[in-house]
Trainee: 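Here it is, the structure, as structure tokens.
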Amino acid sequence: MFSDMRYIWFFIAIAVIAVALLTTLIIEMRKPKTDPNDNPDTKRMNDILKD
């Protein structure tokens with residue numbers, strides 16, 4: 001099956017999708033974690049809950 005040229009586009013498509021998913025995963029893992037308290041909506045909700 002791997003030597004059959006009819007399936008070459010199928011394998012190329014799978015390889016492109018796999019590379020895209022792995023790249024996205026690596027980029028997302030390298031991002032620094034953001035503090036949820038920096039979000040103005042979170043601050044507003046915390047202020048409301050304190051009252």
Side-chain angles (χ1 to χ4, degrees):
M1 185 165 123
F2 291 107
S3 62
D4 193 356
M5 292 306 288
R6 288 183 294 171
Y7 298 108
I8 190 72
W9 294 113
F10 179 68
F11 293 120
I12 290 173
I14 290 176
V16 167
I17 292 169
V19 168
L21 288 174
L22 286 172
T23 304
T24 304
L25 180 68
I26 290 169
I27 289 170
E28 290 297 321
M29 288 179 67
R30 290 182 56 129
K31 279 186 183 176
K33 294 200 181 281
T34 57
D35 187 11
N37 291 324
D38 290 341
N39 188 343
D41 293 332
T42 306
K43 287 181 179 177
R44 190 177 322 119
M45 286 302 296
N46 286 339
D47 291 340
I48 291 171
L49 290 173
K50 284 180 186 175
D51 294 339

Trainee: Remaining members of L25's ILVMFWY cluster at a side-chain heavy-atom cut-off under 4.5 Å?
Mentor: M29
Trainee: Can you name the one residue among T23, V16, L22 that meets side chain to side chain contact (heavy atoms under 4.5 Å, CB included) with V19?
Mentor: T23
Trainee: What salt bridge (Lys or Arg N to Asp or Glu O under 4.0 Å) pairs are there with at least one residue in residues 9-27, not counting sequence neighbours?
Mentor: none
